[in-house]
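Below is one structure, written out as structure tokens; the observations come after it.
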Amino acid sequence: QVQLVESGGGLVQAGGSLRLSCAASGGTFRTYHMGWFRQAPGKEREFVAVISRSGGNTYYADSVKGRFTISRDNAKNTVYLQMNSLKPEDTAVYYCTANQRWSGGTYEADYWGQGTQVSVSS
């Protein structure tokens with residue numbers, strides 16, 4: 001079973017950038033599709049982005065398309081989320097997730113990290 005640990009969250013001004021990292025252990029990283037979700041205060045958890053095992057396919061929520069980039073380094077067992085042009089509405093706890101069964105449709109996470117807080121001030 002894979003364990004996921006996020007890092008890189010923090011406080012940033014609107015228009016700024018942050019890069020989240022997620023280190024995976026306890027499983028064969030290259031066999032997992034990796035995704036990010038987020039949950040803002042008082043709101044439901046929502047999908048942000050997913051990347052396929054090889055990194056060849058990525059999908060994004062419309063709300064972050066063009067601003068966020070998901071990537072992975074299978075040699076380092078790490079997935080990243082580069083977040084640019086941040087907006088106050090991006091404020092949320094961001095969760096790293098993993099799934100071995102995704103086939104290109106709706107991504108549902110099977111494994112979750114503890115989350116990292118991202119706060120964007122206006």
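These figures come from a predicted structure and were not determined experimentally.
In this structure, F37 is not a member of the same hydrophobic cluster as V120, with clusters built from ILVMFWY side-chain heavy atoms closer than 4.5 Å. A continuous path of hydrophobic side-chain contacts links Y32 to V79 [ILVMFWY only; heavy atoms under 4.5 Å]. Linking Ile, Leu, Val, Met, Phe, Trp and Tyr residues whenever their side-chain heavy atoms come within less than 4.5 Å places I51 and L18 in a single cluster. Both L81 and F29 belong to a common hydrophobic cluster when Ile, Leu, Val, Met, Phe, Trp and Tyr are linked at side-chain heavy-atom distances under 4.5 angstrom. One hydrophobic cluster holds both Y60 and L86 under the rule that ILVMFWY side chains link at heavy-atom gaps under 4.5 Å.
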*Decide side chain to side chain donor-acceptor pair (under 3.5 Å) for Y94 and R38; before the verdict, give the C-alpha distance in whole Å, the side-chain angles of both, and the deciding distance to 0.1 Å.*
CA-CA 4 Å; Y94 283 71; R38 68 185 182 184; 2.9 Å; yes
*Output, in order, the C-alpha distance, side-chain angles, deciding distance and verdict of side chain to side chain donor-acceptor pair (under 3.5 Å) for N84 and S17.*
CA-CA 4 Å; N84 298 329; S17 298; 2.9 Å; yes
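When side chains are defined from C-beta on, M83 counts as touching L20, because their heavy atoms get closer than 4.5 Å. Between Y59 and S52, every side-chain heavy-atom pair lies at or beyond the 4.5 Å cut-off. A heavy-atom distance below 4.5 Å is not found between the side chains of D90 and V118.
Although no hydrogens or angles enter the test, the distance criterion places a donor-acceptor pair under 3.5 Å between the side chain of E6 and the main chain of Q114. Between the side chain of S63 and the main chain of A61, no donor-acceptor pair closer than 3.5 Å is present. Within the 3.5 Å criterion, the main-chain N or O of T69 finds no donor-acceptor partner in the side chain of Q82. Between the side chain of R30 and the backbone N or O of N77, no donor-acceptor pair lies under 3.5 Å. Checked by atom type and distance alone, the side chain of R72 never pairs as donor or acceptor with a backbone atom of G55 at under 3.5 Å. Side-chain atoms of S85 do not come within 3.5 Å of backbone N or O of R67 as any donor-acceptor pair.
Among all heavy-atom pairs drawn from V2 and A98, the shortest one is CG1-CB, 4.0 Å. The shortest heavy-atom contact between S122 and A14 is CA-CB, 4.3 Å. Taking all atoms of both residues into account, the shortest heavy-atom contact from Q117 to A92 is NE2-O, 3.4 Å. When all heavy atoms are compared, the tightest approach of G113 to Y95 is O-CD2, 3.6 Å.
Every residue two or more places apart in sequence or in another chain that forms a side-chain contact (heavy atoms from CB on, under 4.5 Å) with S121 is listed here: L11, Q13.
Figure legend: cation-pi geometry between R19 and Y80, with NZ or CZ positioned under 6.0 Å from the six-membered ring centre and within 45° of its axis.
Legend: side-chain hydrogen bond (donor to acceptor under 3.5 Å, both in side chains) pairs involving residues 99-112, not counting sequence neighbours, sorted by first then second residue: T31-Q100, T97-Y107, R101-D110.
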